[in-house]
Amino acid sequence: GWHPEIICANATMAIATTVAYAAACWTHGNAVEHFTVLNDFWGNAFAADHWQWNARRLWNGFFPPGYPFILTILPGARMLESAFNFNVLSGTALLLAVWLTVRHWAGAWVGVVAMVLVAVHPLMVTQTLTTGPDALFVLLAAVGGLLLFNAVALTVPNAVVAVLAGCALGGAGWLRYHGFPWAAALLCAALLAGGLRRFRYVALAAAPITLAGCGLLWLGLEAGDLQALQRDQAFNTLTRLVEPPNWFHLPRPAELPASIG
């Protein structure tokens with residue numbers, strides 16, 4: 001039956017877990033003075049410091065312009081501090097999203113257990129405590145996946161939920177380019193899970209993702225260097241998956257592969 005006192009107790013437990021997690025992350029950030037451990041952040045910070053509304057400034061093949069724009073509008077006098085706290089906010093929002101989704105499908109206590117397991121996962125801790133675009137990317141990518149699952153798995157599918165899923169996944173693609181392969185995989189999974197009878201809802205989710213991708217392609221064309229995406233991602237693939245880089249003695253540009261293939 002419906003027991004409001006049990007629901008209230010579980011909601012209190014979830015909120016308390018979220019607040020404790022956020023407080024622990026915030027305390028750690030202050031203890032290390034918001035130390036930035038990845039060089040990826042500084043390229044985005046440079047783009048934010050030199051922000052201009054033109055395609056040549058916004059476009060590059062390493063990072064989409066979503067995160068630098070967020071850095072330009074975050075409150076606070078110190079970019080490092082505000083960026084770190086924003087990642088803590090993104091991490092705690094993901095915990096609440098996990099709790100709400102799992103509570104709906106498996107019960108409130110299972111939802112609390114799920115959010116605790118996510119909170120202590122090493123990758124979750126790493127992304128939340130590392131300044132950069134990945135915490136918000138993980139939030140949008142995961143929430144998009146959860147919303148898409150709900151859109152196709154509900155007895156009565158929900159078109160609004162499907163569109164919101166697409167918006168979240170399209171937004172993830174504007175933070176990290178690999179959001180688009182992730183979104184494509186989710187759309188395929190949704191078709192397999194929902195079947196052709198749910199094709200309309202998968203198509204509704206695909207529409208915002210397609211618009212987001214076309215927006216980035218237009219930006220590259222307007223900047224006059226669409227190939228930057230292929231060149232820069234080829235560099236990432238080489239240095240991450242083929243051979244370890246020596247950051248003090250990088251190969252000459254002519255020696256680098258021009259495409260991921």
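Throughout, numbering of the chain's residues begins at 1 and tracks the sequence. Side-chain atoms are counted along with the backbone in the values below, which use heavy atoms only and exclude waters and symmetry mates.
Put simply, the side chain of Arg57 gets close to the backbone of His50: a donor and an acceptor are under 3.5 Å apart. Side-chain atoms of Thr101 never come within 3.5 Å of backbone atoms of Val98 as a donor-acceptor pair (strictly under, hydrogens ignored). Between the side chain of Arg56 and the backbone N or O of Ala223 there is at least one donor-acceptor pair closer than 3.5 Å. In this structure, Thr128 contributes its side chain and Val125 its backbone to no donor-acceptor pair below 3.5 Å.
A heavy-atom distance below 4.5 Å is found between the side chains of Leu95 and Met124. Between Gln233 and Asn236, the closest side-chain pair of non-hydrogen atoms falls below 4.5 Å. Considering only heavy atoms from C-beta on, Tyr201 stays 4.5 Å or farther from Val161 through its side chain. Taking 4.5 Å as the limit, every side-chain heavy atom of Pro68 sits out of range of all side-chain heavy atoms of Phe63. Leu169 is listed as a side-chain neighbour of Leu186, based on a closest heavy-atom distance under 4.5 Å.
Hydrophobic clustering (side-chain heavy atoms under 4.5 Å, transitive across Ile, Leu, Val, Met, Phe, Trp, Tyr) groups Leu217 together with Trp182. Transitive grouping of hydrophobic side chains (ILVMFWY, heavy atoms separated by less than 4.5 Å) keeps Leu123 and Phe84 in distinct clusters. Linking ILVMFWY side-chain heavy atoms closer than 4.5 Å, directly or via other members, places Trp26 and Leu129 in two distinct hydrophobic clusters. In terms of hydrophobic clustering, with Ile, Leu, Val, Met, Phe, Trp and Tyr side chains grouped at heavy-atom distances under 4.5 Å, Ile209 and Trp218 are assigned to a common cluster. Linking ILVMFWY side-chain heavy atoms closer than 4.5 Å, directly or via other members, places Leu58 and Phe41 in two distinct hydrophobic clusters.
Residues Ala168 and Leu140 share a closest heavy-atom pair of O-CB, 3.5 Å. Residues Trp59 and Ala228 share a closest heavy-atom pair of NE1-CB, 3.7 Å. Across all non-hydrogen atoms, the minimal contact from Ala234 to Ala258 is CB-C, 4.3 Å. Considering all non-hydrogen atoms of both residues, Asp40 and Asn44 come closest at O-ND2, 3.1 Å. In this structure, Leu187 and Ala205 approach most closely via the heavy-atom pair CD2-CB, 4.1 Å. Among all heavy-atom pairs drawn from Asn87 and Gln127, the shortest one is ND2-O, 3.8 Å.
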Walk me through whether Asn158 and Asn150 qualify under side-chain contact (heavy atoms from CB on, under 4.5 Å).
CA-CA 8 Å; Asn158 193 309; Asn150 279 279; over 6 Å; no

side-chain contact (heavy atoms from CB on, under 4.5 Å) for Asp225 and Arg231? Distances and angles first, verdict last.
CA-CA 10 Å; Asp225 190 16; Arg231 290 195 312 273; 2.8 Å; yes

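With a 6.0 Å radius and a threshold of 12 heavy atoms from other residues, nucleotides or ligands, Ile73 has its CD1 atom above the threshold. No more than 12 heavy atoms of other residues, nucleotides or ligands shown are found within 6.0 angstrom of CE on Met13.
To the nearest 0.5 Å, the span separating CD1 on Ile260 from OG1 on Thr237 amounts to 4.5 Å. Here the CG-CG distance, from Asn85 to Asn30, works out to 7.0 Å after rounding to the nearest 0.5 Å. The CG atom of Asp232 lies 4.0 Å from the CZ atom of Phe62; values are rounded to the nearest 0.5 Å. Taken to the nearest 0.5 Å, the CG atom of Leu221 stands 11.0 Å off from the CG atom of Leu216. The line from CE of Met115 to CG of Leu100 is 8.5 Å long, rounded to the nearest 0.5 Å. Between the CG atom of Leu146 and the CG atom of Leu94 there is a distance of 8.0 Å, given to the nearest 0.5 Å.
Aromatic pair Trp174/Phe69: ring centres not closer than 6.0 Å.
Ring-plane geometry between His178 and Phe137 is classed as perpendicular, the angle between the planes exceeding 60 degrees on a 0 to 90 degree scale with a lower cut at 30.
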